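To start, the structure itself, in structure tokens.
Throughout, protein chains are lettered first and strands after them, A, B, ... in sequence-line order, and every chain is numbered starting at 1. Since the model is a prediction, treat every value here as computed from it, not as a measurement.
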Number of protein chains: 2
Amino acid sequence: MQTRAERFAVFRRALKEKGLKSTAQRDDIARAFFASHRHMSIDDLYREVRKVNPRVGYATVYRTIKLLKECELADEQHFADGQTRYENADREEEHHDHVICDRCGRIVEFSDDSLEQLQEEIAARLGFVLAHHRLELYGICRECREGRGAPAPTDRMGRVRP
Amino acid sequence: MQTRAERFAVFRRALKEKGLKSTAQRDDIARAFFASHRHMSIDDLYREVRKVNPRVGYATVYRTIKLLKECELADEQHFADGQTRYENADREEEHHDHVICDRCGRIVEFSDDSLEQLQEEIAARLGFVLAHHRLELYGICRECREGRGAPAPTDRMGRVRP
DNA sequence: GTCAGTGCAAAAGATTTGCATGCGA
DNA sequence: TCGCATGCAAATCTTTTGCACTGAC
């Protein structure tokens, strides 16, 4: 498990290797991203960064998250609601998948070796060599079933925000 | 396996039940959708329908695909490239998942009972009652590995179109 | 000093919506 | 006839881009 500081160092090093510059904006955005809860939308990240540095533009957030993706420090996720979200990637950490509550939007991560293995087998049977995959399970979480689920936070479109 | 005619009948019936009208546009869009190869984008569908009925607007395609989703005749898919696509849903047909070739964009469908069962177990362990799920495997298909893969068709954005 | 990086605004792409008109029941 | 459905255009949202200016190296 990488620490925030380690990730930040990876980012700085990657910039240097690519001949790109370190700037206050990039640093602030990367730091906000590394410090974040998982599964942030661009808008979440923009708001977080603005708290620290109100001089950051929306475009720079997009440009920087693209850099973070290239450095494999951010993973882009397209969940069923169509919203694009990003999460901290960690090369040392095991791959994981998501279970998402249809009612409250809660996202729980899990990983399961026999599942991974089964997927490899299925792909091989179809003639594919697997590079990566995405699995999302959708259902109702225990809290919601028992009627004590917190009301789901929604964005201006009324969509659930995890 | 439902035939096109059966799906069309389901659609007609659903409209009637909801107190909605059958119109030439809705019929043409539904027919084009049912007749289609799988995984159409809105734009694909729009172009198909225009071949038959050039008097159909983009908005109506969006409005009608939304109806088809409500009738569970269309499934919305958000693949990793971010493009929204729709496929024919069939309640009588087994649920299936996708393997997607990273190189040529080919999409192969499969279904596997032990996989489904394993997912149920994992979800239950986490306190979820599963409603549905999405699994996409990404890798390189045999044809591409052996260097005889067809060049992938791409849209105006340069994205692979399955 | 140079040139990549930035903010802003504008553009571009995807989807939705308001409204006057059309047409199915 | 009465409303729902439609086409169009305009509005919204998301993401990208052009450009003049700023700041890292």
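Summarising the geometry, the separation between OH on Tyr86(B) and P on dA14(C) is reported as 12 Å, rounded to the nearest angstrom. Distance Lys18(B) NZ to dA5(D) C1': 16 Å, rounded to the nearest Å. A straight line from OH of Tyr46(B) to P of dT15(C) spans 14 Å, rounded to a whole angstrom. Across the protein-nucleic acid pair, Arg47(B) atom CZ and dA14(C) atom P stand 10 Å apart, rounded to whole Å. Rounded to whole angstrom, the span from the CG atom of Asn53(A) across to the C1' atom of dG23(D) amounts to 14 Å. The interatomic distance linking Asp43(B) (CG) with dG13(C) (P) rounds to 11 Å, in whole Å. In this structure, CZ of Arg85(A) is placed 17 Å from P of dC13(D), rounded to the nearest angstrom. Summarising the geometry, the separation between CG on Asp28(A) and C1' on dG5(C) is reported as 14 Å, rounded to the nearest angstrom.
Residue contacts shown for Arg63(A) include a base, since a base heavy atom lies under 4.0 Å away.
Ring centroid separation for the pair His98(B) and His39(B) comes in under the 6.0 Å cut-off. Under the 6.0 Å cut-off for aromatic ring centres, His78(B) and Phe79(A) do not qualify, their centroids lying 6.0 Å or more apart.
One finds no side-chain N or O of Arg55(A) lying less than 4.0 angstrom from the OP1 or OP2 phosphate oxygen of dG7(C). For the pair Thr60(A) and dG5(C), the criterion of a side-chain N or O lying under 4.0 Å from OP1 or OP2 is not met. Phosphate proximity of dG7(D) to Gln25(B): present, with a side-chain N or O under 4.0 Å from OP1 or OP2. Under 4.0 angstrom from either OP1 or OP2 of dT6(D) there lies at least one side-chain N or O belonging to Arg26(B). Within the 4.0 Å cut-off from OP1 or OP2 of dT15(D), not a single side-chain nitrogen or oxygen of Lys66(A) is found.
Comparing Leu20(B) and Val61(A) along DNA chain C, the residue whose closest nucleotide (by nearest heavy atom) sits nearer the 5' end is Val61(A). Of the residues near DNA chain C, Thr84(B) and Arg50(A), the one whose nearest nucleotide (by heavy atom distance) lies more toward the 5' end is Arg50(A).
If you check dT6(C), dA25(C), dT15(C) against the side chain of Tyr62(B), the one that comes closest is dT15(C). Of the candidate nucleotides dT15(C), dA5(D), dG23(D), dG23(D) has the atom nearest to the side chain of Lys21(A). Here the side chain of Thr23(A) is nearest to one of dA5(D), dT15(D), dT6(C), namely dT6(C). Side-chain proximity of Gln83(A) to the nucleotides dA5(D), dT14(D), dT15(D) is greatest for dT14(D). When distances are taken from the side chain of Ala59(A) to each of dT6(D), dT16(C), dT17(D), the shortest belongs to dT17(D).
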Note to self: For a side-chain contact (heavy atoms from CB on, under 4.5 Å) check, start with the C-alpha distance between Glu48(A) and Phe33(A), then their side-chain angles and the critical distance, and finish with the verdict.
What the structure shows: CA-CA 8 Å; Glu48(A) 279 309 308; Phe33(A) 180 67; over 6 Å; no

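A salt bridge is defined here as a Lys NZ or Arg NE, NH1 or NH2 lying under 4.0 Å from an Asp or Glu carboxylate O, and Asp44(A) with Arg85(A) fails to meet this definition.
Figure legend: cation-pi geometry between Arg26(B) and Phe11(B) absent, as NZ or CZ is not positioned both under 6.0 Å from the six-membered ring centre and within 45° of its axis.
Within 6.0 Å of NZ on Lys18(A) lie more than 12 heavy atoms contributed by other residues, nucleotides or ligands.
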